[in-house]
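Residue indices begin at 1 and follow the sequence shown.
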Amino acid sequence: MENTEKHHPNNSVSKHIPIIAITSGDPNGVGYEVILKAVSDPHICEICTPIIYGNMHIARLHLHTLDEEMQNMQLNLISKATDCQKNKVNIINCYADDTPVKFSENTAEAGRASLMALTRATDDLKAGMVDAIVTAPINKRNIQSEKFQFSGHTEYLTHKFGNEEDSLMMMVSDMMRVALVCNHVPISQVPQHITEEKILSKLNTLNRTLQNDFLVRKPRIAVLALNPHAGDGGLLGQEEQDVIIPAIKKACEQGIMAFGPYSADGFFGAGKYSSFDAILGMYHDQTLIPFKSLDMAGVNFTAGLGIVRTSPDHGTAYELAGKNQADPASMRNALYLAIDILRTRQQNELLKQNPLEI
């Protein structure tokens, strides 16, 4: 894989300090903890202006569960994103101070708080008040309501900022990049979602985002099979012969360097992922199990949309909530990646404005 990841963003493109919205996620989980730990690093406020969308009082409750030196962390309360101050950790109250915090519990109140923070942040993103959004984990069940009937952040943001054909769920780390044809789909329904048109669409989006967001000039993309042993020539399933191989051929005809289909077990077991810039898998666990087994500090990136959204690659981790045991590395990397992608897109725009004369 052509390695374009950085441990921190490159400041050479522009002096503009991006404003990053960070949603608090489920207040009963580890969202606040990983956010507060991540933004406590002074370097974060040098490279971006963070705004936490949550609640000051509840942030303070979480701070009191952390190390003593963290408990006096300064947070700048603002009423709207345009009031944010550079070199400070800003916070907007999106829900009431009396929202009950019950560490490790799945509650309806936590779901409502999650949604209020997410709605406020995405509205500000749509209005251009912030440059990107980083989302802390939600509970996909307790957030469900008349206003939120989606299987996760990716689907919600796709509905708000694009369409299903454009959107692509990616997981990014220094070791590999993986993307999915099917996001949060029950395993029993996966085969009906695997179509030639959908695979081709995802390959096009993946190829574009590798070029535009990661500066990979000629991406090499591995495509995984659906069935064991890549179907064994049809013995273990026809999807490879009837759907996946034709989609790969059409992608190649369009100039995309797509290869496969590879049987997932042998592909990851033999370390073949290191030879590709990205991997397109058919369904969630096929790619996320090897990805997270190799690196639990990776980042979820919603590619293919006009906006930049990243998140840590873990969930609410209720079992760790309130215990000062959550690792902020994935949240910190999510902030870094969001800033990197913003700057890469800005660099691309500048290059388009000043083309070389021939």
Side-chain angles (χ1 to χ4, degrees), residues 7-8 17 19-81 83-107 109-114 116-118 120-121 130 133-139 296-297 310-312 314-336 338-339:
H7 294 294
H8 55 80
I17 303 297
I19 300 170
I20 308 295
I22 309 171
T23 61
S24 56
D26 190 313
N28 295 341
V30 299
Y32 274 101
E33 180 178 338
V34 295
I35 292 169
L36 294 166
K37 285 179 175 177
V39 298
S40 68
D41 180 347
H43 180 60
I44 293 294
C45 286
E46 294 175 1
I47 59 175
C48 75
T49 301
I51 304 176
I52 301 171
Y53 285 72
N55 178 277
M56 172 73 88
H57 175 69
I58 291 172
R60 288 286 173 205
L61 289 178
H62 282 265
L63 277 172
H64 284 303
T65 70
L66 305 181
D67 294 338
E68 188 174 348
E69 62 267 23
M70 284 282 298
Q71 294 180 14
N72 295 318
M73 180 179 176
Q74 296 300 304
L75 300 174
N76 182 43
L77 181 63
I78 58 175
S79 59
K80 57 184 184 298
D83 293 335
C84 69
Q85 295 185 34
K86 292 180 180 180
N87 300 312
K88 291 187 178 181
V89 177
N90 302 275
I91 186 166
I92 293 177
N93 282 342
C94 301
Y95 42 87
D97 290 354
D98 61 0
T99 300
V101 175
K102 300 178 180 179
F103 292 126
S104 306
E105 292 188 25
N106 175 358
T107 67
E109 294 89 350
R112 285 193 287 271
S114 301
M116 283 188 275
L118 179 61
R120 178 75 181 270
V130 298
I133 184 170
V134 176
T135 57
I138 58 172
N139 181 305
M296 271 300 291
T310 63
S311 75
H314 57 74
T316 56
Y318 283 145
E319 70 279 6
L320 300 179
K323 298 177 182 178
N324 192 22
Q325 295 178 1
D327 186 346
S330 187
M331 173 59 76
R332 190 180 301 114
N333 288 341
L335 284 163
Y336 286 157
I339 297 164

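- A 4.5 Å side-chain heavy-atom check between Pro27 and Ser114 finds at least one atom pair inside the cut-off.
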Discussion item. Does Ile44 form a side chain to side chain contact (heavy atoms under 4.5 Å, CB included) with Ile20? I'd like the steps, not just the answer.
Written reply: CA-CA 11 Å; Ile44 293 294; Ile20 308 295; over 6 Å; no
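- Using a 30° and 60° split on the angle between ring planes, His62 and Tyr32 fall in the parallel class, below 30°.
- Heavy-atom minimum distance, Met331 versus Ala38: CG-CB, 3.8 Å.
- What you find for Tyr318 and Ser104 is that their closest heavy atoms are O-OG, 2.5 Å.
- Considering CD1 of Ile92 and CD1 of Ile22, their distance stands at 11.5 Å, rounded to 0.5 Å.
- Atoms OG and CD1, on Ser24 and Ile138 in that order, are 11.0 Å from each other to the nearest 0.5 Å.
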Discussion item. Asn324 vs Lys37, test: side chain to side chain contact (heavy atoms under 4.5 Å, CB included). Steps then yes/no.
Written reply: CA-CA 10 Å; Asn324 192 22; Lys37 285 179 175 177; 3.1 Å; yes
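- Summarising the geometry of Leu320 relative to Gln325, their closest heavy-atom pair is CD2-OE1, 3.4 Å, with the distance given to 0.1 Å.
- Thr65 places no side-chain N or O within donor-acceptor distance of the main-chain N or O of Gly322, the cut-off being under 3.5 Å.
- Between the side chains of Asn106 and Asn28, no donor N or O sits under 3.5 Å from an acceptor N or O.
- No donor-acceptor pair under 3.5 Å is formed between the side chain of Asn76 and the backbone N or O of Cys84.
- Using a 4.5 Å heavy-atom cutoff, the side chains of His314 and Pro137 are in contact.
- Under the 4.5 Å side-chain criterion, counting only non-hydrogen atoms from C-beta, Arg120 is not in contact with Tyr95.
- The CG atom of Asp97 sits 12.5 Å away from atom CZ of Arg60, with the distance rounded to the nearest 0.5 Å.
- Side-chain atoms of Asp26 never come within 3.5 Å of backbone atoms of Ala110 as a donor-acceptor pair (strictly under, hydrogens ignored).
- For the atom pair CG of Leu63 and CG of Leu75, the computed distance is 6.0 Å after rounding to the nearest 0.5 Å.
- Panel note: side chain Asp83, backbone Ile78; no donor-acceptor pair is recorded below 3.5 Å.
- Here the side chain of Ser311 pairs no donor or acceptor atom with the backbone of Ala136 at under 3.5 angstrom.
- Although no hydrogens or angles enter the test, the distance criterion places a donor-acceptor pair under 3.5 Å between the side chain of Glu33 and the main chain of Ala326.
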Item to complete: Evaluate the criterion side chain to side chain contact (heavy atoms under 4.5 Å, CB included) for residue pair Tyr53 and Leu118; output intermediate values, then yes/no.
Response: CA-CA 8 Å; Tyr53 285 72; Leu118 179 61; over 6 Å; no
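- Of the possible donor and acceptor atoms, one in the side chain of Asp327 sits under 3.5 Å from a partner among the backbone N and O of Ala329.
- Closest approach of Ala121 and Ile133 over heavy atoms only: CB-CD1, 3.8 Å.
- Shown here for Lys86 and Thr49, the closest heavy-atom pair between the two residues is CG-OG1, 3.7 Å.
- Between Glu46 atom CD and Asp41 atom CG the span is 8.0 Å, to the nearest 0.5 Å.
- Contact between Ala334 and Thr310 at its shortest, heavy atoms only, is O-OG1, 2.8 Å.
- Environment of CD in Glu319: crowded, with over 12 heavy atoms of neighbouring residues, nucleotides or ligands closer than 6.0 Å.
- For the atom pair CG of Leu77 and CE of Met56, the computed distance is 4.5 Å after rounding to the nearest 0.5 Å.
- Of the residues Leu36, Val134, Asn93, the one that meets the side chain to side chain contact (heavy atoms under 4.5 Å, CB included) test with Ile52 is Leu36.
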